[in-house]
Amino acid sequence: MNLDFEDANISVTSSEILTKITEYDIFKEYCHNFIDFDVKFCSELRNDKLPSCSVTNKYGNVVYKDFGNGDSYNCWTYVMKKFGCSYYEALNIISNDFNIKYIKSTIAP
């Protein structure tokens with residue numbers, strides 16, 4: 001399924017999203033192999049046979065770190081990478097999936 005939020009007529013901010021859910025919630029929703037902070041798992045973003053990724057919470061910064069290739073993402077950039085979308089599209093995807101602000105969209109096959 002391909003959802004296109006590029007032309008969505010809605011304005012949502014990361015601050016608004018974080019009043020309803022946490023960065024942990026976002027990683028749990030979109031990073032399916034993520035179990036808990038500092039527990040290593042295999043990447044869904046590349047072919048990964050050994051658990052080489054983890055999500056950490058250091059000093060209030062929740063970060064996805066891939067030790068296999070050196071990539072690092074916060075919750076917003078992780079969603080951007082996973083869906084190949086812009087920052088604002090990622091905010092709209094998250095907002096829609098967590099029913100923060102509902103976007104009516106048509107999905108073309």
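For the numbers below, each heavy atom of this structure counts, side chains included, while hydrogens, waters and symmetry mates do not.
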Keeping Asp66 on the side-chain end and Asp71 on the backbone end, is there a donor-acceptor pair under 3.5 Å?
no
To the nearest 0.5 Å, tell me how far Glu89 CD sits from Asn96 CG.
13.0 Å
What is the distance from atom CG of Leu45 to atom CG of Asn33, rounded to the nearest 0.5 Å?
9.5 Å
Which atom names give the shortest non-hydrogen contact between Ala90 and Met80, and what distance separates them?
CB-CG, 3.7 Å
Is the shortest side-chain heavy-atom distance between Ser52 and Leu50 below 4.5 Å?
no
Could you tell me whether the side chain of Phe98 reaches within less than 4.5 Å of the side chain of Lys20, counting heavy atoms only?
no
Rounded distance [0.5 Å steps], CG in Asn69 versus CG in Asp48:
8.5 Å
Heavy-atom nearest pair, Ser54 first then Thr56, reads OG-CG2, 3.9 Å
Among Tyr73, Tyr78, Phe83, which one satisfies ring-ring contact (aromatic ring centres under 6.0 Å, His included) with Tyr30?
Phe83
Distance from Cys53 atom SG to Lys40 atom NZ, nearest 0.5 Å?
9.5 Å
Side-chain donor/acceptor of Lys28 to backbone N/O of Phe34, under 3.5 Å
yes
Only one of Val62, Asp38, Asp36, Val63 passes side chain to side chain contact (heavy atoms under 4.5 Å, CB included) with Val55; say which it is.
Val62
Check whether Phe37 and Phe27 end up in the same hydrophobic cluster, where Ile, Leu, Val, Met, Phe, Trp and Tyr are linked by side-chain heavy atoms less than 4.5 Å apart.
yes
Do Lys65 side-chain atoms and Gly70 backbone N/O form a donor-acceptor pair below 3.5 Å?
yes
One should read off an interatomic distance between Cys75 SG and Ile17 CD1, to the nearest 0.5 angstrom, of 8.0 Å
Asn74 side chain to Thr77 side chain, donor-acceptor N/O pair below 3.5 angstrom:
yes
Is it the case that one hydrophobic cluster holds both Phe67 and Ile35, taking links as side-chain heavy atoms less than 4.5 Å apart, direct or via other members?
no
Measure the spacing between CG of Leu91 and CD1 of Ile94 and express it to the nearest 0.5 Å.
6.0 Å
Pi-cation contact, Tyr64 with Lys81 (under 6.0 Å, within 45°):
no
